[in-house]
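So you know, we letter chains A, B, ... as the sequences are listed, proteins then strands, and number each from 1.
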Amino acid sequence: MPTIEKVYSVSFKGIEKIKTILSGNTSEIRKAYSSKTPPLNAEDFVDTGISCYLPDLVFSGKKNKAKDDEKNTILVHSSLKSLTRRQAASVSIWLWFTHFRYWDYMQKRWHGVHNKNGQQLRSYIETRYLLFSNSSRALFRNGVSRLWWYGEITFDEQDQYLNASIMLEKLDITQNLVERTIGRIPGATQAIFSLLLKKKKYFSASKNLGRIRIRQLIKRLGWHGTKELLDVKTKQEIEDLLLASE
Amino acid sequence: MKLTIGNHFFPHPVLGNKKDIDSNFSFSLNPIKKTEKTIEISGAISLSNNTIFQMLQQNSATCLLHIESSMTFFRAVLKVGKWNKNITDFKSEIELKHLRGNIDLNLFIISNVTQKNYHPDGLSAQYDGAKIEISKGSILSFAKQKSFSLPDDNSKGSGGSLFILKQNKDETLKFNFNFNGGECIAILVPKSTFGRIDAIYKSGNAYFSGILVNTFFLPCLVEALRIYKEEQAGYPWCSKLEASLAEQDISISPGSDLEFDNRMEIAQKMLNKASPLSDLITNYRC
């Protein structure tokens, strides 16, 4: 029987605790981030007022982590659907997940702490456990926030998480869409997903051909965006534009 | 990557792009009204190009306000209408739950028709004799982007600082301010000093923190008040400053002179108050 849990965010004091750990030397940082005990505890948290069922996340141990990421995207986003985008863009809420609630998952999924040293180790932790900058790009790098945001930008009332599956299948699509202006236009991303699904065989061509075709498709979309405001176009209109310029 | 419009290669001349068309298309922004759940964005738009203005009057073109919160991937487009001569107002209410951090506003005029021979007033001589075609959806004009910043719900430790302390790459300058950096005013200090300031801050020693405030934050805040008051530059950090002034019942409206002595007095009052500006300072990010 799933139990409802409170969701917390990390207080200023908690953030200071993390900063202190990261100001230590390699072995101190590694020790803290490979310990079974999370570095933060109840006194470092602030109640967000959000309560929900928080599932255990999947870690199969397979080399290709795309399937795990896909499952976890659905798990995290569907359980935290009540989170607003304003809340989900906050650093402190994701620190609670990475440094406490999903501490076990983080250690298994993001195990790079064991083979990195010095600044490389710090950057790795800042990227995967914290949010390395105040930009939206960082939200797609943090080990847990990325799962929620993948779900959020791909969710479609009709097809639910079908687009998340398409996006996470290839890292190329994820990076090209998430880190470009074009990926912020819902109609444009929906049109891309629709074409990738309709012409699955074409875009999954062997060797590098499929990747090149996906890149070309996104480039064509970018080219249309230089002369027209794609925000005012529907998914179908953008899809037609892309097909016409093929 | 948020939407950015700058000098750009359009396949047709665009008002606002390089020197394609000699006319003006701009907008001003009123102070943002914030309630518990919404914000109201309003302002006025002016356009000095007759050809494009007539297209708007005939519904052959549409003026659109593009609102973007890059942190939350939120984008909205608002149709702006009812032009009175060459000026119009706009107003939009947006739920706060969609927004965080910097909000960027871009204004466009797009064509609703296809035209085989588009030659607007003020077209640069470099287009003489060229057959210019525009299609439905083509961008005809864009105005200079404006931005503002929404303070976080809980500024403590979540990037709510008005200031950001950075290492100055130019070692010949002892220290400097950068007011163009975005939602925070950057205080640039030499590399050697940077570490010491951080250590003082972390020590929590009130005596040394006082020196820190007088040395770095006070002169910076005095200059920030001048910029806010006189230049109306609309830097994103201005809304944080505005919020702090309002919280402390200090009333100064932008756009006129404020003597140095007055700015010093206001800055000191703000720095001496317990909240919220002291939070904005003591939680400065390094």
Side-chain angles (χ1 to χ4, degrees), chain A residues 9-20 23 44 46 48-49 82-93 95 131 133-140 149 152-153 177-189 222-233 237-238 241, chain B residues 1-5 8-12 14 62 64 66-77 79 95-102 106 108-112 134-140 142 150 152-160 164 182-184 198 202 204 279 282-283 285-286:
Chain A
S9 65
V10 172
S11 65
F12 180 64
K13 197 178 145 199
I15 294 172
E16 285 300 298
K17 226 181 218 184
I18 296 170
K19 275 189 190 172
T20 308
S23 64
D44 304 315
V46 179
T48 59
S82 62
L83 210 61
T84 66
R85 288 193 177 199
R86 179 173 173 77
Q87 290 167 324
S90 153
V91 180
S92 47
I93 201 163
L95 292 189
L131 270 88
S133 76
N134 204 15
S135 77
S136 55
R137 208 155 59 96
L139 292 167
F140 288 93
W149 279 98
E152 178 68 9
I153 63 162
L177 282 178
V178 161
E179 294 182 3
R180 284 172 191 235
T181 307
I182 235 74
R184 297 177 171 273
I185 307 169
T189 49
W223 180 77
H224 285 290
T226 61
K227 54 180 190 144
E228 293 176 62
L229 193 60
L230 295 177
D231 295 74
V232 291
K233 293 198 179 293
E237 283 171 331
I238 298 173
L241 268 180
Chain B
M1 285 279 286
K2 63 183 182 183
L3 179 85
T4 46
I5 303 284
H8 195 79
F9 292 108
F10 286 98
H12 54 272
V14 171
T62 307
L64 300 167
H66 186 276
I67 305 161
E68 179 172 10
S69 168
S70 60
M71 272 303 281
T72 60
F73 274 54
F74 172 83
R75 288 162 83 113
V77 179
K79 192 175 168 183
E95 284 184 281
L96 265 173
K97 67 178 184 183
H98 301 303
L99 311 170
R100 190 171 203 103
N102 269 14
N106 284 288
F108 296 91
I109 295 174
I110 63 165
S111 175
N112 298 336
I134 52 162
S135 51
K136 191 182 168 192
S138 293
I139 295 170
L140 302 181
F142 63 84
L150 283 177
D152 288 342
D153 303 326
N154 172 17
S155 67
K156 284 202 169 198
S158 52
I164 180 165
E183 64 176 293
C184 294
D198 199 31
K202 279 180 181 157
D279 283 346
T282 51
N283 293 329
R285 291 174 297 160
C286 284

Option in A:K13, A:E228, A:E152, A:K233 with maximal non-hydrogen atom pairs under 4.5 Å from chain B:
A:E228
Heavy-atom distance under 4.5 Å to chain A: side chain of B:K79, backbone, both or neither?
neither
Can you tell me which portion of B:I134 sits under 4.5 Å from chain A's heavy atoms? Options are side chain, backbone, both or neither.
neither
Quick one, A:V91 and A:I15 - any side-chain contact, counting heavy atoms below 4.5 Å?
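Contact flag for A:V91/A:I15 side chains = no.
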Please tell me if the side chains of B:S70 and A:R184 come closer than 4.5 Å, counting only heavy atoms from C-beta onward.
yes
What is the distance from atom CD of B:E68 to atom CZ of B:R75, rounded to the nearest 0.5 Å?
4.5 Å
Count the heavy-atom pairs under 4.5 Å between each of B:V14, B:V77, B:L99 and chain A, then report the option with the highest count.
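Max contact count across the listed options: B:L99.
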Give the ring-plane orientation class for B:F73 versus A:W149, where under 30° counts as parallel, over 60° as perpendicular and anything between as tilted.
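Tilted: the ring planes of B:F73 and A:W149 meet at 30° to 60°.
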